[in-house]
Amino acid sequence: MTDAVGNRKMGLPVGEARAEQRIQAVAAAETILVERYPDALFAIAAGSILRGEGTPSSDIDLVVLHEQLDGAWRESFTTGGFPVEAFVHDFETLNWFVDQDVAGGYPVLLDMVAGGTVIGRNIGRGEALQAQARARLSCGPDELAAERRDALRYHITDLLDDLKDERPAAEIRGITIALHQPLCDLALLGRGHWSGKGKWLPRLLQRLDPELAQHFDDAFRLAGEGQADALVALAEDELGRQGGRLFDGDRRDAPPAARRPGGLSSESLAPIQG
């Protein structure tokens with residue numbers, strides 16, 4: 001965000017610079033809506049900038065709503081000094097993608113709608129949609145299903161077995177990285193709270209329980225330095241809340257349609273020469 005960076009260089013306090021960045025982001029979003037999506041009913045501008053938490057690399061998330069489209073799409077572009085990710089929908093396509101997010105426990109699109117700033121020519125419908133999104137978010141995720149729980153238990157157990165062996169520090173770091181997402185999912189979804197991805201996971205843990213968030217931060221930091229004992233203990237505790245380790249007896253059936261005749265990669269195999 002070159003404009004926000006410029007404000008900081010001019011000596012504005014961080015809070016004022018972020019407020020100015022937010023104003024500029026809303027203005028940019030309004031221009032995008034008029035020029036790029038003239039038929040849209042409204043849009044919801046979201047992201048860290050709109051929450052007053054923007055950094056120089058923050059982008060604008062823009063959920064654009066039409067009355068009816070042939071199909072939804074996502075596109076990325078830069079305008080006015082801001083990188084933009086636009087999610088273009090009508091109400092039915094939005095419902096479908098929100099359902100997918102909610103089923104996975106990661107309400108990314110729902111959160112954008114609930115927490116963003118409504119712009120455009122039909123503010124009332126946008127605010128009504130936001131109210132629905134906030135109500136759904138407040139309900140939390142569905143109870144962690146046994147199949148999902150057991151898949152997480154199995155995955156974490158497998159990684160823990162690898163982590164307990166004597167390994168080079170580089171391998172420990174790799175296992176540690178792989179363990180972060182499933183262990184956070186188990187901790188959050190297993191307690192009836194939404195999960196997320198990447199940078200959102202520490203934030204969500206902090207909202208849930210600051211002490212637990214600190215345990216996660218300490219354990220993963222030490223494991224990244226080659227000291228995995230605290231992480232193993234943390235993972236064992238989280239597994240214990242959900243039935244413990246899982247290996248013996250685990251079975252997951254493939255769907256009946258999971259079959260194809262021919263070779264391993266029949267389209268790419270060269271003909272056998274006689």
Side-chain angles (χ1 to χ4, degrees), residues 61 69-77 83 85-89 92-110 141-190 194-201 216 219-220 223-224 226 228 231-232 234-236 238-239 242-274:
D61 295 318
L69 292 170
D70 291 336
W73 72 90
R74 185 194 68 79
E75 58 182 341
S76 302
F77 50 89
E85 280 195 284
F87 305 84
V88 187
H89 289 278
E92 291 185 352
T93 65
L94 182 69
N95 287 341
W96 190 90
F97 278 93
V98 165
D99 287 349
Q100 304 308 301
D101 287 354
V102 166
Y106 312 123
V108 177
L109 193 53
L110 192 66
D142 295 335
E143 183 178 353
L144 185 60
E147 184 178 3
R148 176 80 179 278
R149 182 195 64 227
D150 289 349
L152 288 169
R153 289 170 59 205
Y154 182 89
H155 190 186
I156 292 167
T157 299
D158 183 53
L159 290 168
L160 278 185
D161 287 341
D162 288 340
L163 198 58
K164 286 184 173 182
D165 293 335
E166 286 290 332
R167 294 181 178 277
E171 292 186 9
I172 292 176
R173 286 191 290 272
I175 297 165
T176 299
I177 291 167
L179 185 56
H180 191 253
Q181 181 73 54
L183 190 58
C184 287
D185 284 347
L186 191 70
L188 290 161
L189 296 173
W194 296 111
S195 192
K197 303 279 188 178
K199 65 187 179 186
W200 276 102
L201 289 168
F216 266 75
F220 277 93
L231 180 55
V232 170
L234 174 64
E236 295 282 11
E238 291 301 318
L239 285 170
Q242 300 298 332
R245 288 170 155 266
L246 179 61
F247 181 81
D248 287 335
D250 181 66
R251 170 175 168 155
R252 276 163 276 167
D253 293 328
R259 61 178 66 248
R260 174 182 59 75
L264 290 175
S265 182
S266 58
E267 293 182 358
S268 64
L269 290 176
I272 298 175
Q273 301 297 319

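The model shown is predicted, which means the values in this text are computed figures rather than measured ones.
- No more than 12 heavy atoms of other residues, nucleotides or ligands shown are found within 6.0 angstrom of CG on Asp70.
- In summary, Arg245 and Asp161 engage in a salt bridge, as defined by a charged side-chain N under 4.0 Å from a carboxylate O.
- Taking every heavy atom of both residues into account, Leu186 and Glu238 meet most closely at CD2-O, 3.8 Å.
- Side-chain atoms of Thr93 do not come within 3.5 Å of backbone N or O of Gly71 as any donor-acceptor pair.
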For residues 172-184, which side-chain N or O atoms pair as donor and acceptor with protein atoms under 3.5 Å away, sequence neighbours left out?
from: Thr176; atom 1: OG1; to: Ile172; atom 2: O; distance (Å): 2.7
from: Gln181; atom 1: NE2; to: Asp185; atom 2: OD1; distance (Å): 2.9
from: Gln181; atom 1: NE2; to: Asp185; atom 2: OD2; distance (Å): 3.4
from: Gln181; atom 1: NE2; to: Gly196; atom 2: O; distance (Å): 3.0

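- Atom NE2 in His155 sits 14.5 Å away from atom CZ in Arg153 (nearest 0.5 Å).
- Note: Gln242 CD to Leu144 CG = 6.0 Å, rounded to the nearest 0.5 Å.
- Between atom CG of residue Leu163 and atom CD1 of residue Ile156 there is a gap of 12.0 Å, rounded to the nearest 0.5 Å.
- Looking at residues two or more places apart in sequence or on another chain, you find a side-chain hydrogen bond (donor to acceptor under 3.5 Å, both in side chains) between Asp253 and Arg251.
- Pairing each heavy atom of Ala103 with each of Arg148, the nearest pair is O-NH1, 4.2 Å.
- Counting heavy atoms from C-beta on, the side chains of Leu201 and Ser195 come closer than 4.5 Å.
- Residue-environment remark: CD (Glu143) stays at or below the threshold of 12 foreign heavy atoms within 6.0 Å.
- Side-chain contact check for Tyr106 versus Trp194: every heavy-atom pair is 4.5 Å or farther apart.
- Nearest heavy-atom pair, Lys164 versus Val232, reported as atom, atom and distance to 0.1 Å: CE-CG1, 3.5 Å.
- Considering every non-hydrogen atom in both Leu246 and Asp150, the closest pair reads CD2-O, 3.4 Å.
- Rounded to the nearest 0.5 angstrom, Thr157 OG1 and Asp162 CG are separated by 11.0 Å.
- In this pair, Phe97 and His89 present their aromatic rings perpendicular. The plane angle is above 60°, beyond the 30 to 60° band.
- Within a 6.0 Å radius of CZ in Arg252, other residues, nucleotides and ligands contribute more than 12 heavy atoms.
- Evaluation of the salt bridge (Lys or Arg N to Asp or Glu O under 4.0 Å) test over residues 97-110, restricted to residues two or more places apart or in two chains, returns none.
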